[in-house]
Amino acid sequence: VEPAGVVLRDHAVVVAADSILAVAPHAEAAAAYPDAEVVDLRGHIVIPGLVNAHTHAAMTLLRGFADDLALLEWLQDRIWPTEQKAVTDAFVADGTTAACWEMLTGGTTSFADMYLFPGSAIAAAASAGVRINAGLAYLTVPTAYAATEQEYLSRGLEVHQQWRDHPLVSFSLAPHATYSTTPQSMTRIRALCDEHRLGVHTHLQETQEQVDGECREFGMTGVQRLLAVDALGPGFFGAHGVHLDDRDIEVLAHTGSSVVHCPSSNLKLASGFAPVARLLAAGVNVALGTDGAASNNRLDMWQEMRTAAVLAKAVAGDPAAVPAHSALRMATMGGAAALGLADRVGSLVPGKQADIVSVAVDSPASQPVYDPASHLVYVLGREAVRNVWVAGRHLVRDGYCTTVDGAAVSASARAWADRVRSL
Ligand SMILES: [Zn+2]
């Protein structure tokens, strides 16, 4: 991933404590560090941990609860009424733990979360050992979590105060979407982010209906409204960005903002096709996200890489659009940059955090290998992930997660599903 497009054969990654010390040919590393503990990964591809830049982790407990509906119907008739009754601190704790189990074993080492009760999500992620960028919900509608905009803010800032020094935790301010953010709330974003050093994570121009409604009500697209209040910039990442016009794309590019492409969710909810090739050509940083398990229904970054690469070609009418290396970059450095972590994760270079994934290339469907990057995007899936380290901790060993009790997660997910069914 860094340097871009380079494959290093027969190399070793040398890790000390939580960081990468060196990346060197194996023989050289063995000579320089003779006392090091060695994990033999012959026959594996070693990559940076994947970054899921947009999800609602706790919604894993609603996986498969409401399928085959349009976004608005799905949200208003099924998801929101159920959330209003079911979502508590305990729901978020259990749902996020389930999500961390799924993501970790699939090679995702960082995720950007947007949900209610962020304190419980952070505690679950920290316990699993996954890196979380917690979106502090900033809504104008009452939920089970908070009643007023001020209460959302004060609860969020309390959580921020409690966790801001944790090495695996970073924060964003998370208005649900631009169309649902009032002009008054919009104008506060810049000052809040400056004061508390937060990024901004929001749903951005996901459906044409939303864009039309926002233009009717406010006279501008979401991107233009954000620009008008100076809320764009390198700390901003907008999820989806499906319906962006040329002016929106130009603004995102020149402000250094990021778009999180969520191809599976966009396809399943029939939201449309994000202009990924145009975004990349304009110089916009593009990350990848799964969205929540209620609209995907997998928290599987391998599926997103492959779908992003093949879909972009069809949308652009160009088979050269989003080549394999580019899809891999979106799932690693693209996400790291969106989350403000580009100097810490997203690639395997000395000085960065040791967030590392090893993938076995030994299945019947994976032979032969000409280009490892091509295999990562077009051939392999999350079942090929064997080992995962986050900050140097070996969290997945030979396919098994060492920090999450899978049997307990399955039992609690079944109990929550019974509860949701009975509502
Ligand atoms: Zn979403």
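Both ligands and their constituent atoms are indexed starting at 1 by order of listing.
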Check your understanding: Would you say H54 reaches the Zn ion (ligand 1) with an N/O/S atom under 2.8 Å?
Key -> yes
Check your understanding: Is it true that the side chains of R131 and Q353 contain a donor and an acceptor less than 3.5 Å apart?
Key -> yes
Check your understanding: Does a donor on one side chain sit under 3.5 Å from an acceptor on the other, for H203 and H54?
Key -> yes
**Study point:** No-hydrogen, no-angle side-chain donor-acceptor test under 3.5 Å, H243 and Q208
**Key:** yes
Review point. Does the shortest distance from the Zn ion (ligand 1) to an N/O/S atom of H240 fall below 2.8 Å?
Key: no
Check your understanding: Can you tell me if D291 has an N, O or S atom under 2.8 Å away from the Zn ion (ligand 1)?
Key -> yes
Exercise for review: Measure from NZ or CZ of R78 to the centre of the six-membered ring of F65 and say whether it is under 6.0 Å with the direction within 45° of the ring axis.
Suggested key: yes
